[in-house]
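Notes follow once the structure below has been shown.
Predicted, not measured: the structure shown is a model, and the values here were computed from it. Reminder, nothing fancy here: chain letters follow the sequence lines and each chain counts from 1.
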Amino acid sequence: MEKIKVRGAPKSWQRSTSPLTICPGCQHGVVAELLCDAVDELGIQGNTIVISGIGCAGIDAFMVDMDAFIMCPHGRTCDVATGIKRALFGKPIVVALQGDGDCIAIGAGSLISAALRGEKITVIMANNANYGTTGGQLAPTTLLDQVTSTTPEGRDPGLAGYPAHVPEMLVPFRGVAYAARGAVNTPANYQRTKRYLKAALQKQIDNIGLSFVEILSACPANWHRTPVECLKWIEEKMIPEYPLGEFKNADRID
Amino acid sequence: MEKIKVRGAPKSWQRSTSPLTICPGCQHGVVAELLCDAVDELGIQGNTIVISGIGCAGIDAFMVDMDAFIMCPHGRTCDVATGIKRALFGKPIVVALQGDGDCIAIGAGSLISAALRGEKITVIMANNANYGTTGGQLAPTTLLDQVTSTTPEGRDPGLAGYPAHVPEMLVPFRGVAYAARGAVNTPANYQRTKRYLKAALQKQIDNIGLSFVEILSACPANWHRTPVECLKWIEEKMIPEYPLGEFKNADRID
Amino acid sequence: MTRGEISIDERYCLGCGYCVHFCARGCIVIPGDRFTTMGYLLPVFINLERCNACAVCAWMCPHQAIEVYKYVESGQNEPEDISSG
Amino acid sequence: MTRGEISIDERYCLGCGYCVHFCARGCIVIPGDRFTTMGYLLPVFINLERCNACAVCAWMCPHQAIEVYKYVESGQNEPEDISSG
Amino acid sequence: MLRVAKMSQRILAQGNTAIGYGAVNAGCLHFFGYPITPQNEVIEWFARELPKRGGSFLQAQCETAVINMLLGAGSAGVRVMTSTSSPGWALMQEGLSALANAEIPCVVVLVQRGGPVQGTTQHGQMDYLSATRGGGGGGYRDIVLAPASVQECSDLVQLAFYLADKYRNPVVVLSDGLLGQMMEPLEVRTLDFGPLPEKDWALKGLALHKDGKRRALSCLAGFCFQEVYESYLDFIQHLDEKYRQMADSEVRYETYQTDDAHLLVVAYGYAARVSLEAINMARDEGLKVGLIRPISLWPFPSEAIRQGATRGGDFLVVEDSLGQLVEDVRLSVNGQAEVHLLNMLSRHMRTPAGMILPDIVLEGIRKLA
Amino acid sequence: MLRVAKMSQRILAQGNTAIGYGAVNAGCLHFFGYPITPQNEVIEWFARELPKRGGSFLQAQCETAVINMLLGAGSAGVRVMTSTSSPGWALMQEGLSALANAEIPCVVVLVQRGGPVQGTTQHGQMDYLSATRGGGGGGYRDIVLAPASVQECSDLVQLAFYLADKYRNPVVVLSDGLLGQMMEPLEVRTLDFGPLPEKDWALKGLALHKDGKRRALSCLAGFCFQEVYESYLDFIQHLDEKYRQMADSEVRYETYQTDDAHLLVVAYGYAARVSLEAINMARDEGLKVGLIRPISLWPFPSEAIRQGATRGGDFLVVEDSLGQLVEDVRLSVNGQAEVHLLNMLSRHMRTPAGMILPDIVLEGIRKLA
Amino acid sequence: MEEGSSIRHEVIMSGTGGKGVLVAGQLLAEAGMQKYNYVTWTPTYFAAMRGGSCECTVILSNEKIASPLLTKAEVVIVFEPSQLKDFEARVKQDGIFIIESTGLPGVKRQDIRIVKVPAAETAVKLGGIMAANLVLLGTYVEITKAAPAELVEIEIERRFGGNEKRLSLNKQAFRQGMLLAAREQNWY
Amino acid sequence: MEEGSSIRHEVIMSGTGGKGVLVAGQLLAEAGMQKYNYVTWTPTYFAAMRGGSCECTVILSNEKIASPLLTKAEVVIVFEPSQLKDFEARVKQDGIFIIESTGLPGVKRQDIRIVKVPAAETAVKLGGIMAANLVLLGTYVEITKAAPAELVEIEIERRFGGNEKRLSLNKQAFRQGMLLAAREQNWY
Ligand SMILES: Cc1ncc(C[n+]2csc(CCOP(=O)(O)OP(=O)(O)O)c2C)c(N)n1
Ligand SMILES: Cc1ncc(C[n+]2csc(CCOP(=O)(O)OP(=O)(O)O)c2C)c(N)n1
Ligand code: SF4
Ligand code: SF4
Ligand code: SF4
Ligand code: SF4
Ligand code: SF4
Ligand code: SF4
Ligand SMILES: [Mg+2]
Ligand SMILES: [Mg+2]
């Protein structure tokens, strides 16, 4: 009998050399892992540039063995991604890796504009229903009634608005080729989400339009739950508000 | 026989005292007139505050006899409107009056965020398919192939993206109570658009959510057409891309 | 039939021609030899007979240069403004 | 039946417990008296008999602390990585 | 000046939460903000406390929005504020100068972190020039107040609201990560600075104006309007006069043991506290050294410093940046004395947690005194 | 320094379009921009000309996006630029300091208009402090070059690209509405400033790196990385050294008739041209007056001015703002001479079209010389 | 180009947006490029698109031009009657003040030469008021000889080449302006 | 409050995020509020949420406190063995260095008093490692008498009042820490 390795960190994974780490059970690490998996399976490691926004989700860019702009100014991830994509005349595969706050609060204008332009980039939004980095404040994705440090009585839509549904919102945009929402709270969802990511990257490889994948991601530190409790919360609270699936999958846009 | 006046400038119209004027045949003046008409018919002149963005459309705020913040920083119209609405604890009727560039280029994030919050304001976007003020550059609403000073060969979607359809985009937002698109290129459209505006303001009076009306508006100076030719261009080119109508009309949001 | 009349304020008219275009009854023309105070071509109301005070010209004037009047029997009370047509 | 084994790297494990939760075969436990180098509770692989090298524990580990091995007849050529399940 | 109108309790508070107490005691019921370290305690305080007090709190989508919400709320005549840190401050530059142009009062608290901008999430004093020189597009001045204790965080926010209303101009309170995070006893109290004119210019809907006439504001004040300012230059001249008046009336500073000093330390914020300790240590060693602590960074206490210079002492500027405050000291001293700088390269550790500590300042003093 | 590598034609060009010629002759194939008066000719030039030359032009949704697109494109190692006016400049402050922090070269042209910010759509010189002191969150320095002719608009843009690459830092070209709109003969030419190191740090995909290793950049350079900078303070120290090196090597200025002058006028940009005329007029009257025109506003030609001061002359600063450049002149003079200011309140008309004209400067000179 | 001699022409043109002030100045500057080493054309205007006052200064010279802006110029042309008063003061002593002649209030200064040109009337007669600027430019060129008329005509052709009707109107207007000047050399 | 006398206590506490360093310092500062006119608690930490080194300085005094930050303090408590070397130097001469005792490399200085506390072990025994901070705080309070133990206990109750289990664990840990100190007064 011989022992062979069947699974370790993905090929394009890289141990972070940064003093910044993520909390125990933070699923942003799984988001990074999935990206690496998808990149490895598509064989595009050497040609991919990752742009991450500021936030816990941005730390993911430390964990990939690909060229990366790590933690660009908050919310400007799609703009920086656009800059590099255009500078290199469309050649590299450019991934914008964002937290939900980065993507659809301060970054809403950048995302919408990239979508209007049909910018050939892939946007991954890690949705942990709060601002992880700064200590758990309201995000556009915070659920109604969810307690955060800036909605201490729970999110009241009359004052703080409604949860943002980003892939759904992107569907009518002509420039958007792909929009999906996944989760990593079960092995099945892990695999499904990986397929979404690969499909999204493929749209970019095929030069069709902007592709977008949202991934629900546990934040034990700010949900004030154990990691395993977080998985349940995702299943019972988040997924009903944020249904998983592909919302758009266009072979061409015009 | 006696001669009675049946129509002059609307009651809440005011002759601008500003040295800024608009070009002959610019329909932004009609947008301002319509707003005054709607305000007059609803009897809310004394309680309405108009916030205009920077741009030719912003000059409209000079023309209303209502409290006004005229030409707030470019694109921030919804934010300024939010500030004043909240400062006065929701009491006044607040109208954000924007050009298309102000609204959905630089202002996209502000509009989206106000829509997510269901901010109780009314947004009017004058769509003239270009940046009027600065001399006719590309706007997100510029038609495909339309020549502007920054798309001298016509708008190429591969480089400069696709026309923005704002009311359509706002439909899925829970915080949006009303979304419509009108035009003022015919007397019938003038009247129809006035109904949209009144309906939009009524949503705010009823405290339901954000209401939005886009109005197609001729820009003879930058379309390089006579005013009357512009009307034809609206009918033949703009309306097919930007269909008129109500896209959302919700009696309550939740 | 209703009879109407309009007045065009030369100070505000910018000569765009919309009023001419929109008056279904052909009551307004731009002669070409008359100018506004700002130097634009001035439209002129020519057809007192046909004007029915429909106010369309005033609605469509972007510069609020037009006022519309209607002839009524003295003492008759008409709505002040028919703009909401 | 396939037999497998995993190794947990104490330097990277943050003791979140996902591997324990997700191993359908109960191969991993957190005893509670063992700690990682960073002071977190350390999970321990306990069930060499039941592990089938499904790699789910490794997928779900956010900190890439797990490696999964599979026992094969010597010389047999297996796919390198079954992660794409 | 410090007339206490009402005093309630003594609590242990962070600089960041003291800001909240100061604001509500100044009658501020409106806060718009966006999370950012190291000022999150400020926004979280308002999120928790304002609703209880009948006020309104809103977390905006970004800082650019925040400052424009202040523009809106301030136009309505209410007292309104925000708080941010360096990257957020950078995003507020256009809005800040719009506020100055439209002459809308508001208070902005800047809890500085180590830069350039994003730089770190910890303390720093690298936004001095931007706060005092007016950030983005220029041509305006904001009063800048720099607290050096938790109590002052609260008191100066109240003063800031008063000055903002007095001059119809934004006022900046320049704190830093250390001051924001540290705790000290805070006397929760209301200060009284005297009466202010009515805000007859505020937008409220014309039905609410005594004269029934509309009010209009714009951030192109001198360009668009001919009611208030006849022309652009009238407006600019008005600004010039207003800024001069501020410069004449609103200089604030504190001195410590300056009378016999041969060496004058100049520092603000946390660096001033550290310097004070060092001065005490130096005095114990018999060194004649004193402190000038600017409280208003703009207008700068140039006169006080100039006097120090003409009395013959040299200067040591202590600041946690590569050298910004030192420019104002040099401008004030105007060649009359030597001006030395002890900057952030003297921090006690090389990580972002490194600080300028009293021993290091003492060494600096020893070399010069 | 001005080694002309290639010269093609002489045309009549606006300052704004000269910028375009300068850029493409410097090998810049990437422009991101947003319309704003009075620089629309710049962005329209690139929209028209870049596609013809195989380059890429993009009109972004706003200036905040623009500067971050520069951050992205600059990271890829290409020469990239934008152009804007004061309100847009204000919106770029966070991005600009991110560029400095990440050490990404790029060129930003700022065609100043009358402020504060939105202020007017016409010329002004009110962004001097913000350009030289570093706008929003602070702690960084950009080289700032100020052309005073159409030819210089083109030449200094080329120099700007060279310096940006040399120091891996943004370089600002500070123009104004007048300079941007005016036309003069332009020699369309390529300048050669010598060789530059390879951009081995650029992000291109790791397959394209010789060592096959990944490259990473961040605007938290000293906070996150331990590969390039061991710690935050190592990074800050590196910045400090870099800025010192710039200050030592990159000072540029021009003097005119200073040798025997009793009065030295200091002015940049359009005000320098106007002042030159006034000096000629004054010389005709026998007044001994000269001009120092800073070309690099940062680093500032302090030494040249200090020398002027020690020779005993007084100074007259002419600038179309309420007084910004005058701070740097005072800092340089350091009390060795009187420094007077002729500012925008001396414009010939009160509308935004008002300008500082030669006669007014001559009057100012007469009073002092 | 005349070697060695120091020749300089300076003119301020003023009007309102859309009246072709800036274009007239540019045609002169472009034509001047062929003859002079140094040329400046400097506009100032209010709002780019929507009218408002607008002005430009053109200097043609064989020597380096210091200021492209002038307090006073040798020649000032006013396209817009209402601006007369503002610009009277900006004509240098013994300079020339070229003004549109329709319905003018009197100019007070005695130390300058005043040239009244019925530019609008002339242009309308030729086919369009928008050519009034070319009439005034023609007058200026004929009086000052700042640039050879042929060079200006080449520039007119370059600029309006695409639009035959407009081109011929403008050329006629320019020549008519020159003619008016020639005929009325003694207007004061 | 002892009138007139000049009493001052200063302590630097250091550890990594999540180890309760900041909380321990705050409890001390809150308790000190009752006894002293002047109190400062000053933290520094790396990233708010995700661990990393963290430190706080507490000063209790009857006189105005100049710097809330100190190069050296009378007492330094190190919660994290790996930081020992960095903080050894920050104990004032004749000061006290309170350190977690598990698996330590030797401290070199001879001029300070070293107090080794098996805080982690003690806390685990009592029911949870997260109470180690309270053990160390107990030791500190017992040794220095900076604040009366009862005042600290009131603060513990205030803070953990909602969570009975945690409260009792923390109270026990605090007392155990005091006990350890009392028992081992002669450790050096
Ligand atoms: C301009 C600016 N504003 C605010 C911040 C502070 N900040 C850092 S990350 C962040 C939000 C993080 O939330 P999200 O994007 O959801 O990412 P997460 O941490 O939840 O993964 C904020 C507000 C900043 N760095 N820059
Ligand atoms: C920050 C900023 N960027 C750019 C500008 C210049 N600017 C003024 S209005 C405008 C756009 C106007 O277009 P739109 O909103 O469509 O209004 P329109 O003039 O077409 O009615 C621009 C770019 C500005 N004033 N501020
Ligand atoms: S705070 Fe939340 S999102 Fe951030 S690292 Fe911790 S668990 Fe992850
Ligand atoms: S440029 Fe266009 S939008 Fe602006 S005033 Fe003129 S016609 Fe209207
Ligand atoms: S519509 Fe109005 S502005 Fe246009 S021509 Fe008629 S009256 Fe004049
Ligand atoms: S009121 Fe009607 S009929 Fe009369 S002129 Fe106007 S459009 Fe014509
Ligand atoms: S999933 Fe990974 S980090 Fe979590 S306990 Fe298991 S090995 Fe440790
Ligand atoms: S590989 Fe599968 S069976 Fe084996 S430990 Fe991991 S999850 Fe359990
Ligand atoms: Mg998040
Ligand atoms: Mg528009």
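Note on Arg90(G), Lys72(G), Glu55(G): by heavy-atom pairs under 4.5 Å with chain F, the leading option is Arg90(G). Contact count versus chain G (heavy atoms, under 4.5 Å) is highest, among Leu179(F), Asp359(F), Leu357(F), for Leu357(F).
The minimum heavy-atom distance between Thr44(G) and His123(F), with the atom names listed, is CG2-CE1, 4.2 Å. The heavy-atom pair separating Gln181(F) from Trp41(G) by the smallest distance is O-CZ3, 3.2 Å. Listed here is the closest heavy atom pair of Ile11(F) and Met33(G): C-CE, 3.3 Å. The heavy-atom pair separating Pro185(F) from Asn37(G) by the smallest distance is CG-O, 3.8 Å.
In this structure, CD in Glu277(F) is found 9.5 Å from CG in Leu69(G), a value given to the nearest 0.5 Å. Atom CG in Asp86(G) sits 9.5 Å away from atom OG1 in Thr351(F) (nearest 0.5 Å). To the nearest 0.5 Å, the span separating OG1 on Thr71(G) from CD1 on Ile356(F) amounts to 11.0 Å. To the nearest 0.5 Å, the span separating CD on Glu184(F) from CD1 on Ile65(G) amounts to 6.5 Å. Note that CD of Glu63(G) is 10.0 Å distant from CG of Asn280(F), once rounded to the nearest 0.5 Å. Note that NZ of Lys64(G) and CZ of Arg273(F) are 8.0 Å apart. Values are rounded to the nearest 0.5 Å.
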Next item on the list: I would like to know whether Val39(G) and Met183(F) meet side chain to side chain contact (heavy atoms under 4.5 Å, CB included); could you show each step before the answer?
Entry: CA-CA 8 Å; Val39(G) 175; Met183(F) 293 179 117; over 6 Å; no

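Environment of NZ in Lys52(F): crowded, with over 12 heavy atoms of neighbouring residues, nucleotides or ligands closer than 6.0 Å. For Tyr253(F), the OH atom sits in a loose shell: 12 or fewer heavy atoms of surrounding residues, nucleotides or ligands are nearer than 6.0 Å. More than 12 heavy atoms of other residues, nucleotides or ligands lie within 6.0 Å of CD in Gln9(F), so this atom counts as buried by the packing criterion. Lys92(G) NZ: more than 12 foreign heavy atoms inside a 6.0 Å radius.
If you measure heavy-atom distances from Tyr256(F) to chain G, you find no contacts under 4.5 Å at all.
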